[in-house]
Structures are given as C-alpha cells and as structure tokens.
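Order of the sequence lines fixes the chain letters, A, B, ..., with proteins taken first and strands second; residue numbering starts at 1 for each chain. Please read all numbers here as calculations on a predicted model, not as lab measurements.
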Protein chains: 2
Amino acid sequence: MNDASSKPWTMQQIAAAAGVSVTTVSHTLSGKRPVSSETALRIRGLIDQFGYVPDAGARRLKSGRSGMIGLAVPDISHWYFGRIARGVEELANERDYGLIICSTSNSDPRREKRYFNLLRTRSIEGLVYTASREISPTDELMRMASSSSPIVLADEEVVGLPGVPSVTSLNFAGAQALGRHLRALGHTRAVIVAGFAGLRSTVERVAGIRESFPDAIVVHGDFELQSGYDLVDELLAQGVGFTALFGCNDYMAVGAMRRLHEAGLRVPHDVSVVGFDDVDIAGVITPGLTTVRQDMLEIGRRSAQLLIEGLDAGSMRGIPSVTLPVELVVRGSTGPVAGE
Amino acid sequence: MNDASSKPWTMQQIAAAAGVSVTTVSHTLSGKRPVSSETALRIRGLIDQFGYVPDAGARRLKSGRSGMIGLAVPDISHWYFGRIARGVEELANERDYGLIICSTSNSDPRREKRYFNLLRTRSIEGLVYTASREISPTDELMRMASSSSPIVLADEEVVGLPGVPSVTSLNFAGAQALGRHLRALGHTRAVIVAGFAGLRSTVERVAGIRESFPDAIVVHGDFELQSGYDLVDELLAQGVGFTALFGCNDYMAVGAMRRLHEAGLRVPHDVSVVGFDDVDIAGVITPGLTTVRQDMLEIGRRSAQLLIEGLDAGSMRGIPSVTLPVELVVRGSTGPVAGE
DNA sequence: CATTGAGCGCAATTCGTTTTGCGCAATTCG
DNA sequence: CGAATTGCGCAAAACGAATTGCGCTCAATG
C-alpha cells in the first residue's frame with residue numbers, strides 16, 4: 001500500500017467525520033460566521049487528531065496570493081549576500097511571508113528567466129533583486145519592471161528603472177571617508193582596485209575616493225579575492241608605485257594584501273590598504289582591515305519591508321527608496337606614509 | 001483604474017481570443033493530444049502577445065505537487081550554511097525544483113513550526129534539514145519524520161531517526177587525521193574546544209582526536225568565533241598548560257588563536273591550532289589554519305539529490321545515507337612542539 | 001399565540017488548470 | 001459505396017478550500 005504520508009486529510013474528510021458540511025469546518029477555522037461551541041469543539045478535536053492542515057495550493061488559488069516573496073542574489077554562499085538574505089528572511093517571517101531563494105550565479109540567463117517566471121506564474125508576489133553586474137535595457141529585469149511588477153532593488157541601484165525603489169548604502173560618503181582618512185595620513189600615490197565598471201556602487205565609490213586622490217590609478221576586478229590578488233600582481237609587474245590601495249570591497253582588498261605580503265611589502269608600513277563592506281574576515285586577518293561598514297542585514301530587512309509595503313498598498317508607486325548610513329572602521333591596515 | 005500588473009491573463013481569455021475552448025489551449029501547451037498546426041499557431045501567437053503564463057497555484061492544486069523543496073538551516077548568513085544552501089539550490093534548479101529557505105535561527109520553536117507546516121500544507125514536497133543542536137524526541141522533527149515525511153538530514157546526523165537518510169562528512173576520520181598530525185609533531189598536552197555536546201559530529205570528532213590524545217581536556221562551545229575566544233580565556237585563567245588546541249570548527253579555532261595571540265602566545269611556536277571545515281577565512285588569516293576540508297557544496301547537492309530521488313520514488317524508504325570524504329589541509333598554524 | 005430575529009448549517013458556486021469521455025468531420029480501406 | 005479509422009475540438013468533471021444565498025430551528029417579544 002501507500003506510504004503513511006501519501007495523502008493528507010482534506011476538509012471534506014474532516015467534515016464527514018464530524019457529520020457536518022465543509023462550510024461549517026471552514027467557518028470553525030476562519031470564524032467568519034458563528035458556529036455552535038459544541039460543534040466547533042468536536043471539529044477542532046478531529047482536526048487535532050488527524051493533524052489536518054488546509055492545503056496551501058487550494059487556498060492560494062482561491063485567494064490569488066501565494067504568501068511568498070522571492071530573493072535573487074548572485075551567490076547565496078557569499079557572506080555578503082548571506083547577510084542580505086538573512087535580513088530579508090527575518091522580515092518576511094515577521095510579516096508571515098515565505099521566502100524563495102534564487103541564486104543567479106554568473107547571471108545565467110536561463111536561471112534569470114526561471115525566477116522571473118516565478119513572478120509571472122504568481123508563485124511569488126514580489127521580488128527583491130540584487131544586481132551584480134550592469135543591467136542592459138534588454139534584460140528581463142527591465143521588462144518585468146516596466147510591467148510594474150513588485151520589485152525592490154537591494155544593495156545595488158540600477159539606472160533607468162523609474163518606479164523601482166532601491167535600498168543602498170551611502171557609497172559616496174563611505175568612499176569619501178576612506179579617501180580623507182588616507183589623505184590625512186599623508187598618502188598621495190594611490191591605486192583603486194574597483195569593481196565592475198558598469199555598477200553604480202563602483203562609480204560612486206571611485207568618485208568618493210577621487211575627491212581626495214584625483215590622480216589615483218583605477219583598475220577593475222570582479223569583487224572576488226583572487227581578482228584583488230591578480231590585479232596587484234599586474235601592477236607590481238608594471239612597476240607602478242603607490243603607498244595607498246583602495247579595494248572596492250573587502251575581498252579584493254584582502255587578495256591585494258596577500259599579494260603585497262608575498263612581494264615583501266609590509267602593510268601598513270609600505271602600503272596602506274582599505275576595503276569596503278566590513279565582511280566577517282575583515283576583522284580577523286592580520287593586520288585588521290580598515291574599511292567602511294555597511295549594514296547588510298538592514299539592507300535586506302528594509303528591502304523586504306519596502307516590498308511588502310508595496311504589496312499591501314497594491315502598487316510600488318509611491319514607495320520611496322532608502323539610503324542607509326555607513327561607518328568608517330579603522331583597523332591596522334592603514335598607517336602614516338613612511339618617510340623615504 | 002488598476003495597475004498594469006494587477007490581473008494576469010487566464011487560459012479562458014486566451015481561448016476566447018482564439019475562438020477555441022480551453023481544452024485546445026491546454027493541449028497546445030502540453031501536447032498531450034494533437035492540435036491542428038493552424039490552430040496551434042494562432043494560439044501560440046496570442047500567448048506570446050499577451051504574455052500568458054499558466055497560474056502556478058491552479059496547476060499545483062490539480063497536480064498535487066508544488067515543485068518546491070525546503071531547506072532549513074540555523075543561519076543562512078554563515079558561510080558554512082551558505083555553501084550548503086548553494087549546493088541544494090544548484091541541484092534543485094537542475095531538477096526543476098524551486099527552493100524555499102527557512103532560517104531556524106536559535107532554533108526558535110515558532111519558526112520551526114512554521115516551516116514544518118510548509119511540509120504539511122504541501123507548500124514544499126520535501127525538506128533538507130540541518131540540525132544545529134541536540135534533537136529531543138519531543139521535537140517537531142521527530143513527529144514529522146515518524147509520519148514518514150520526505151526529509152533528508154544534511155551535515156548533521158540525528159540519532160533515533162530511522163528511515164531518514166543523511167549526508168555527512170567522515171568526521172571521525174578527519175579528526176583522526178588531525179590528531180595524528182599533531183601527534184607526529186610531538187605534541188602531548190592538548191585541549192579540545194568542542195561543539196555542542198549533544199551533536200553527533202562533535203562526539204565523532206572528539207573521539208577521533210582522542211585516539212591520539214586520550215587525556216585531552218574537552219570544553220564545549222557554540223561554534224561561534226567568540227566562543228573559542230572565551231573558552232581559551234578561561235583555560236588560560238585556570239592556568240591550564242597545553243601545546244595543541246583542537247577546534248571543533250574553524251570559527252572557534254580562529255577565536256582561540258586571537259585570544260592566544262593577545263596572551264602573547266605564538267602560533268604555532270608556543271601552541272599549534274587546528275580547526276575543522278576549511279571555511280573561507282581559514283586560508284586568509286595569518287598564519288593559515290591547519291584544518292580538515294569538508295565539501296559543503298557537495299553535502300548540499302547530495303542532500304537535495306537524495307530528497308528528490310525519494311520524491312520521485314514516492315517514498316524515502318530505501319534511500320541510502322551518504323558519507324563524504326574529507327581532506328587534511330596543513331597550513332601554518334601547526335608546527336613541531338618547541339623544545340622547553 | 002403568532003411574529004420577528006438571531007443563530008446555525010447546508011448546497012452550490014468560484015478560483016484556473018488538467019484530464020476525460022464523446023462527437024463530428026474527413027480520410028482510407030474492403 | 002458503406003464501414004472503419006483517424007484527427008481535432010468541445011463540454012464537463014475533477015483538485016481543495018472559501019464564500020454566499022438560502023432555509024431551518026429555536027428563542028424572545030408584542
């Protein structure tokens with residue numbers, strides 16, 4: 001025969017067992033109409049006994065709401081996106097929403113199609129989207145956004161998407177603070193290990209640093225540790241001289257530090273290094289990485305909050321974007337420029 | 001009026017527009033019965049034009065399958081669980097399943113209830129569960145398992161759950177390797193910073209180490225960095241002498257290293273430290289942490305694979321548990337015991 | 001004692017899709 | 001030329017819960 005788990009109980013069966021109609025069972029559960037306490041007690045007893053739970057699919061079909069929101073991140077295994085995910089999950093739970101996760105990994109178009117389809121099929125009511133690269137006007141995202149689907153951009157703003165709220169950090173102000181910090185320490189020759197050129201956050205951070213270091217050399221990486229390592233490798237090979245290195249995120253900064261270390265350059269004595277984000281490893285490496293702390297958890301929470309507000313309001317129109325403050329965290333990787 | 005996104009198209013409307021019945025539209029999509037190429041072309045045109053997508057809820061109600069699996073992890077923002085999540089997500093995607101994530105955070109019973117309810121309401125067809133603490137016989141997990149719900153245990157085995165397959169690493173062998181490694185370096189006085197006492201993995205790892213260090217002192221932490229720091233703090237305060245320190249995971253080992261460093265003890269000259277897991281930070285700290293590498297991605301993938309196999313087979317009965325190999329990774333945190 | 005009203009329960013309809021049982025037409029074969 | 005076959009499309013019945021119109025039974029009231 002079948003497994004014990006094969007068939008869950010239906011309202012029908014509960015009703016039959018209690019000798020009443022499904023309506024009465026439904027009303028007992030919802031309380032939309034009075035049910036005699038005697039009948040109610042009997043029904044509730046049966047429900048507990050059989051472990052009946054209303055089928056989510058049927059409920060969903062009738063109500064038109066799935067009670068789920070989606071989260072699309074490049075890679076859920078990154079600490080950084082994990083924090084966002086946790087924030088989104090926390091708030092979704094508080095508001096009684098479930099969370100469906102979509103890793104976009106390398107922005108695989110098939111994957112992308114898949115989770116936007118979740119929106120179309122009403123599997124999810126809205127989507128928190130974290131971009132990791134430049135969004136071209138031909139992207140699905142654009143199409144969805146223009147059909148005014150409930151979407152909130154987390155962590156990374158996308159230009160050309162009017163009516164789509166975003167939750168980001170004060171990238172410019174953070175970079176500004178880093179620039180001034182190193183400037184105050186006497187540095188003049190700087191290198192910026194930037195992220196993808198097309199990303200808004202990269203542009204803002206570079207601009208913030210440039211305020212103090214207008215002539216800084218800029219090279220572009222992919223936000224991964226290895227990328228910071230490789231880029232410094234090239235710079236050293238080319239004989240580029242510098243005493244300050246800005247990483248557009250902590251991972252690249254750490255990668256850069258590794259390469260510098262291998263080259264016999266001491267941090268911060270020979271080169272001061274800063275990052276951005278304040279990820280978990282920033283505080284545990286030696287020396288500690290001076291960086292700008294972003295509150296990723298809060299970015300996740302606020303994103304989910306905006307999305308759910310929009311869902312409740314029936315439209316994302318009028319939902320304002322949010323920009324969160326950042327904080328300069330000075331650790332051991334920065335110091336005064338050494339006298340020659 | 002309403003938003004552009006307010007009402008999606010239904011099959012009814014497509015059928016009406018094409019001048020056919022819903023049946024014909026359905027058959028055009030599914031191909032279960034032949035449809036004249038002329039009609040099919042017209043219908044497909046309308047579908048593309050209107051951007052029609054079948055409603056997932058209705059489909060789900062009819063088929064009884066949601067096409068979703070769940071993943072319950074203690075904290076999605078940990079790198080460690082993030083890797084598991086990514087593995088599960090990867091495989092789920094390959095098999096055309098969606099993934100619903102549940103952070104159990106501190107094992108909040110309300111949360112726990114919530115995601116087991118996802119199983120009951122058939123919102124998810126199965127669950128990959130990662131335990132982070134001792135499971136008592138009164139837990140929901142036990143109830144669900146005994147009703148033979150499709151559940152796979154990832155990373156952590158739970159005793160007393162017959163018929164529930166698990167995917168774990170060779171904890172004993174890994175710990176054994178670490179013990180022998182330090183033993184070969186001449187160490188004799190060791191401390192084990194273990195995890196929760198009730199966890200199978202902790203028991204196995206301690207046993208593996210004890211093979212080489214039968215008299216090792218064992219203290220228990222909660223797997224967090226701070227916990228390793230605090231425990232070493234206590235040991236030092238008590239004047240406990242040791243030259244080898246085993247962390248039951250990397251985070252605690254790193255925390256221990258920090259405290260040792262602050263106490264003026266050099267790693268590995270005064271104390272050799274090892275961890276377990278090989279998380280991202282193990283390779284970037286100085287000195288690098290000697291540890292045992294677990295393939296978390298693969299644990300996630302295999303867990304999802306077993307679950308989906310069980311779903312396809314209609315029962316988890318006969319699905320075998322899997323134990324994955326581990327690899328000793330020797331870095332700078334271990335060295336020969338210093339001559340007194 | 002008849003009338004009203006409230007309390008309570010039933011049958012039927014709806015949500016959007018998938019799946020059958022049939023029937024109608026055009027073709028092919030004996 | 002009539003009969004068997006095939007291609008194609010329609011109507012109707014599920015799936016499980018939520019809602020609504022309606023009717024029944026008591027009790028209270030004039």
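With a cut-off of 3.5 Å on both Watson-Crick or G-U wobble distances, the partner of C/dC29 is given as D/dG2. Base-pair partner of D/dA11: C/dT20 (Watson-Crick or G-U wobble, both distances under 3.5 Å). The partner of D/dT29 is C/dA2, judged by Watson-Crick or G-U wobble contacts that both fall below 3.5 Å.
Judged by closest nucleotide on DNA chain D, B/Arg42 is the one of B/Arg42 and A/Lys32 placed further toward the 5' end. Both A/Val53 and B/Ser37 lie near DNA chain D, and the one whose nearest nucleotide falls closer to the 5' end is B/Ser37.
Taking the side chain as every heavy atom from C-beta outward, A/Leu297 and A/Arg86 approach each other to under 4.5 Å. Counting heavy atoms from C-beta on, the side chains of B/Val20 and B/Val25 come closer than 4.5 Å.
An OP1 or OP2 oxygen of D/dA17 is reached within less than 4.0 angstrom by a side-chain nitrogen or oxygen of A/Tyr52. Using a 4.0 Å cut-off, no side-chain N or O of B/Lys62 falls inside it from OP1 or OP2 of D/dA14. For D/dC10, one of the phosphate oxygens OP1 or OP2 lies less than 4.0 angstrom from a side-chain nitrogen or oxygen of B/Thr24.
Going from atom CZ of B/Arg122 over to atom P of D/dA17 covers 12 Å, rounded to whole Å. To the nearest angstrom, C1' of D/dA17 lies 9 Å from CD of A/Gln12. Taking atom NE2 of A/His27 as the reference point, atom P of C/dA11 lies 13 Å away to the nearest angstrom. Between the CH2 atom of B/Trp9 and the C1' atom of C/dC15 there is a distance of 18 Å, rounded to whole Å. The distance between atom CZ of A/Arg65 and atom P of C/dG16, rounded to the nearest whole Å, is 16 Å. Rounded to a whole Å, the CD atom of B/Glu38 is 14 Å from the C1' atom of D/dG7.
Closest to the side chain of A/Met11, out of D/dC10, C/dT18, D/dA18, is D/dA18. For A/Pro54, the side-chain atoms get nearest to D/dA17 when compared with the rest of D/dC10, D/dA17, C/dG16. Closest to the side chain of A/Thr23, out of D/dT19, C/dG16, C/dT18, is D/dT19. Checking C/dC8, D/dT19, C/dT17 against every side-chain atom of A/Ser36, the shortest atom distance belongs to C/dC8. Distance from the side chain of A/Leu61 is smallest for C/dC15 among the nucleotides D/dG9, C/dT17, C/dC15.
At a threshold of 4.0 Å, the pair A/Glu112-A/Arg133 counts as salt-bridged, since one of the basic side-chain nitrogens sits closer than that to a carboxylate oxygen.
Among the atoms of the strands shown, only primed sugar atoms or phosphate atoms (P, OP1, OP2) are found under 4.0 Å from some heavy atom of A/Val20. Within the nucleic acid shown, B/Thr39 comes within 4.0 Å of sugar-phosphate atoms alone, with no base atom in reach, counting heavy atoms only. Within 4.0 Å (heavy atoms only), B/Arg60 reaches no atom of the nucleic acid at all. Among the heavy atoms of the strands lying under 4.0 Å from B/Ser26 is at least one base atom, whether or not backbone atoms are also near.
Evaluation of atom-type donor-acceptor distances gives a pair under 3.5 Å for the side chain of A/Arg33 against the base of D/dG21. For A/Arg59 against D/dG16, a side-chain-to-base donor-acceptor contact under 3.5 Å is absent.
Between B/Tyr129 and B/Tyr115, the angle of the ring planes lies from 30° to 60°, which puts this pair in the tilted group.
In terms of modelled atom types and a separation under 3.5 Å, the side chain of B/Arg42 and the main chain of B/Ala18 share a donor-acceptor contact. Remark: the backbone N or O of B/Gly51 is not paired with any side-chain donor or acceptor of A/Arg120 at under 3.5 angstrom.
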